[in-house]
Amino acid sequence: MEENKLPLSFYQAYDTCTLAQKLLGCELVHNSPDGITSGIIVETEAYLADDPACHAYNRRTPRTEPMYGPAGTIYVYLIYGMYQCVNVVSNREDIGEAVLIRALQPTQGIELMQTRRSFNQKKQREENRKIALKELCRGPGKLVKAMGIERSVHNNQHLFDSSLFITKPIMEDFTIVAGSRIGINVGRDLPYRYYVHNSSFTSK
DNA sequence: CCGGTGATGTTC
DNA sequence: AACATCACCGGG
């Protein structure tokens with residue numbers, strides 16, 4: 001599996017919008033101390049340097065610094081106080097652009113993902129609710145929790161040198177649909193959201 | 001629909 | 001120091 005990692009050159013080869021589409025069909029893998037979990041990327045969003053919705057738009061601060069790193073850097077941030085989202089940094093060093101991973105089709109470690117998703121951090125215990133396969137990684141916050149991705153661990157690491165990595169495309173013959181990004185105000189008119197047509201694992 | 005939740009950036 | 005914002009999710 002490790003040997004199927006995307007090469008560094010893959011992340012450097014494309015502009016951000018193209019990379020966001022090229023990552024569809026690839027597998028996101030986390031080789032964690034608790035076990036391996038993975039899923040096929042079925043939904044992404046591009047965030048560009050000249051794009052007001054981009055965290056790095058006109059600002060280079062401690063939080064956004066990973067976005068200015070080399071392509072393939074991992075950018076994890078906290079949102080709404082309780083969720084984290086994971087991005088693949090794109091373009092050249094010193095240009096703040098990235099691709100947000102929004103949904104996965106789960107492949108390996110499904111039970112572990114269900115366990116992670118079922119853990120109620122407020123009550124500090126696991127709850128009984130059974131989470132449907134389709135719901136496991138449908139959304140950026142959900143997939144980060146299911147995959148066990150942690151800002152404190154993975155932020156500013158590189159996909160080529162981390163327990164979190166991406167392998168070459170394993171999905172074949174799919175159509176890519178472009179549309180407006182989800183959950184943002186500025187830049188909502190830009191068609192920078194990409195997803196696999198007819199996949200039942202994408203968010204809405 | 002609506003509110004929880006906390007880091008971040010901006011304004012004072 | 002205070003405030004507005006926020007690439008979300010789950011309960012209703």
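Side chains included, hydrogens not; waters and symmetry mates left out as well; all remaining heavy atoms used. Residue numbers start from 1 in every chain, and the chains themselves are labelled A, B, ... in the order their sequence lines are given, proteins ahead of strands.
For the pair A/K145 (side chain) and A/F119 (backbone), a donor-acceptor distance under 3.5 Å is present.
Atom OH of A/Y83 and atom P of B/dA7 are 16 Å apart (whole Å). The interatomic distance linking A/Y194 (OH) with C/dA7 (C1') rounds to 15 Å, in whole Å. For the pair A/K204 NZ and C/dG10 P, the interatomic distance rounds to 17 Å; values are reported in whole Å. For A/K145 and C/dC9, the NZ to C1' distance is 10 Å, given to the nearest whole Å. The nearest whole Å value for the distance from the CG atom in A/N155 to the C1' atom in B/dT8 is 14 Å. Put simply, CZ on A/R102 is 9 Å from C1' on C/dC8, counting in whole angstrom units. Regarding A/H55, its NE2 atom lies at a distance of 12 Å from the P atom of B/dT10, rounded to whole Å. Distance, A/I79 CD1 to B/dG4 P: 17 Å, rounded to whole Å.
Of the candidate nucleotides B/dT5, C/dA7, C/dC8, B/dT5 has the atom lying nearest to any side-chain atom of A/M82.
By the 6.0 Å contact criterion, CG on A/D189 is enclosed, its count of non-hydrogen atoms from other residues, nucleotides or ligands being greater than 12.
At C/dC9, none of the side-chain N or O atoms of A/R138 fall inside 4.0 Å of OP1 or OP2 (strictly under the cut-off). For the pair A/R117 and C/dG10, the criterion of a side-chain N or O lying under 4.0 Å from OP1 or OP2 is met. Using a 4.0 Å cut-off, some side-chain N or O of A/K142 falls inside it from OP1 or OP2 of C/dG10.
Of all nucleotides present, only C/dA2 satisfies the Watson-Crick or G-U wobble test against B/dT10, with each distance under 3.5 Å. The partner of C/dA7 is absent, by the rule that a Watson-Crick or G-U pair needs both atom distances under 3.5 Å.
Across all their heavy atoms, A/M1 and A/I36 have their closest contact at CE-CD1, 4.1 Å. A/S90 approaches A/A98 most closely through the heavy-atom pair OG-N, 3.4 Å.
Backbone-only engagement by A/L78 is indicated by non-hydrogen atom pairs under 4.0 Å involving sugar-phosphate atoms exclusively. Residue A/R63 is in sugar-phosphate contact alone, with no base atom involved, counting any heavy-atom pair closer than 4.0 Å across all strands shown.
In terms of polar N and O atoms assigned as donor or acceptor, the side chain of A/Y77 never comes within less than 3.5 Å of the base of B/dA7 in a complementary pairing.
With the nearest nucleotide of DNA chain C identified for both A/P140 and A/N185, A/N185 has the one nearer the 5' end. Comparing A/R151 and A/Y80, the nucleotide of DNA chain B nearest to each residue sits closer to the 5' end for A/Y80. Where A/G81 and A/N58 meet DNA chain B, the nucleotide closest to each residue was compared, and A/G81 sits on the side nearer the 5' end. In terms of position along DNA chain C, the nucleotide closest to A/C54 lies nearer the 5' end than the nucleotide closest to the other residue of the pair A/C54 and A/E127.
Remark: A/K5 qualifies as a cation-pi partner of A/F160 under the 6.0 Å distance and 45° angle criteria applied to the six-membered ring.
Residues A/H154 and A/S163 have side chains that bring a donor and an acceptor to within less than 3.5 angstrom of each other.
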